[in-house]
Amino acid sequence: MAYAIPTPPVTALPIAGSSDLFPVRRVYCVGRNYAAHAREMGGDPTREPPFFFMKPADALQVVPEGQTIDHPYPPKTQNYHFEIELVVTLAKGGKDIPVAQALDHVFGYAIGLDMTRRDLQDEAKQLRRSWELGKAADFSGPLGPIHPASKVGHPAKGAISLSVDGTVKQKADLSDMIWSVAEQIAYLSSYFELAPGDVIFAGTPEGVGAVTKGQTMVGSIEGLGDIRLKVV
Ligand code: MN
């Protein structure tokens, strides 16, 4: 038996300090996981818990260590926003994973951007439609190399920041997350059977905003280095 059309490529992410690649299965994203960002988006973090949505695996964009890469500005938006996020990658899956065991499932961590066509997302919210046009654009998940937990541990605190053309726009601490990484894994695994290759964007802090063509974004997380993208 053969496939009737060419098989789609596997999205594969570089691993810091290794020539091996990390194959991606699914990409989950957490919404409103920092209280100040929930408020800037019009929510009340004391009443609404974080929630999940997804991006397609092939919307990820590999950002190699130490390079500035071109990031294509997507079509159909006038308000394209950056969201710096800690990204968690899973080596093991499971259902109903207890919080206390959740971190045993992590392969490693990376810096990611949940790039968002905010005008299309806002329109979807108003019309009570789903968020894909806002959240799932091609290239909408730039991602740096994965740092294995065996080397960097499980970062629960440390600076997370994003600057545009040298001006800091987002600056917070990983300890500000409402749901910890372990809680995110446990919660998700009660709705879906998680599997090796799953990726979780852990939510963005306050200060999200728009970029235009020609601007350069630098995203940093303490212990994970930085990623650099020029919007073209
Ligand atoms: Mn996000």
Side-chain angles (χ1 to χ4, degrees), residues 13 24 26-45 48-61 63 71 73-74 77 79-90 109-125 129-144 146 155 158-164 168-181 183-185 187-188 191-192 198-211 217-221 224 226-227 229 231:
L13 305 174
V24 178
R26 292 183 181 173
V27 182
Y28 297 99
C29 302
V30 190
R32 301 189 184 174
N33 198 24
Y34 290 77
H37 174 63
R39 285 192 288 270
E40 80 179 348
M41 299 308 288
D44 177 353
E48 287 174 62
F51 55 89
F52 286 90
F53 58 94
M54 295 176 82
K55 279 182 192 288
D58 67 352
L60 299 183
Q61 179 185 25
V63 184
H71 178 75
Y73 194 94
T77 181
N79 195 20
Y80 188 47
H81 275 207
F82 49 79
E83 297 188 356
I84 178 80
E85 310 205 358
L86 176 70
V87 175
V88 185
T89 60
L90 299 189
Y109 297 90
I111 304 170
L113 298 180
D114 169 16
M115 296 303 296
T116 303
R117 289 188 282 210
R118 192 72 72 199
D119 41 0
L120 300 189
Q121 186 199 23
D122 288 345
E123 186 177 280
K125 286 179 188 172
R129 290 179 180 158
S130 70
W131 283 8
E132 279 81 5
L133 294 184
K135 287 292 193 180
D138 295 336
F139 305 103
S140 64
L143 201 57
I146 300 172
I160 175 170
S161 66
L162 182 130
S163 67
V164 178
V168 176
K169 301 289 189 180
Q170 294 188 272
K171 190 166 180 52
D173 196 280
L174 296 177
S175 61
D176 297 336
M177 286 195 285
I178 296 170
W179 282 349
S180 68
V181 169
E183 288 167 335
Q184 294 169 46
I185 293 168
Y187 182 94
L188 262 178
Y191 285 87
F192 302 97
D198 286 348
V199 170
I200 304 169
F201 279 63
T204 198
E206 66 277 18
V208 300
V211 281
M217 302 182 285
V218 179
S220 305
I221 295 178
L224 304 182
D226 52 37
I227 60 170
L229 301 102
V231 182

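Hydrogens, waters and symmetry mates are skipped; everything else that's a heavy atom, side chains included, is used. Residues: numbered from 1 along the sequence shown. Note that the coordinates shown come from a computational prediction; the quantities given were computed from them, not determined experimentally. Atoms within each ligand, like the ligands themselves, are counted from 1 in listed order.
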Is it true that a side-chain atom of Gln170 and a backbone atom of Ile84 form a donor plus acceptor pair closer than 3.5 Å? yes

Around the Mn ion (ligand 1), what protein N, O or S atoms are found below 2.8 Å? Glu83 OE1, Glu85 OE2, Asp114 OD2

Any chance you could measure Met177, atom CE, to Tyr34, atom OH, to the nearest 0.5 Å? 4.5 Å

Where the side chain of Glu40 meets the backbone of Gly207, is there a donor-acceptor pair that is under 3.5 Å apart? yes

What about the rings of Tyr187 and Phe52, do their centers lie closer together than 6.0 Å? yes

Evaluate the criterion salt bridge (Lys or Arg N to Asp or Glu O under 4.0 Å) for residue pair Glu83 and Arg118; output intermediate values, then yes/no. CA-CA 11 Å; Glu83 297 188 356; Arg118 192 72 72 199; 2.8 Å; yes

Over 60° means perpendicular and under 30° means parallel, so classify the ring planes of Phe139 and His71, tilted if in between. perpendicular

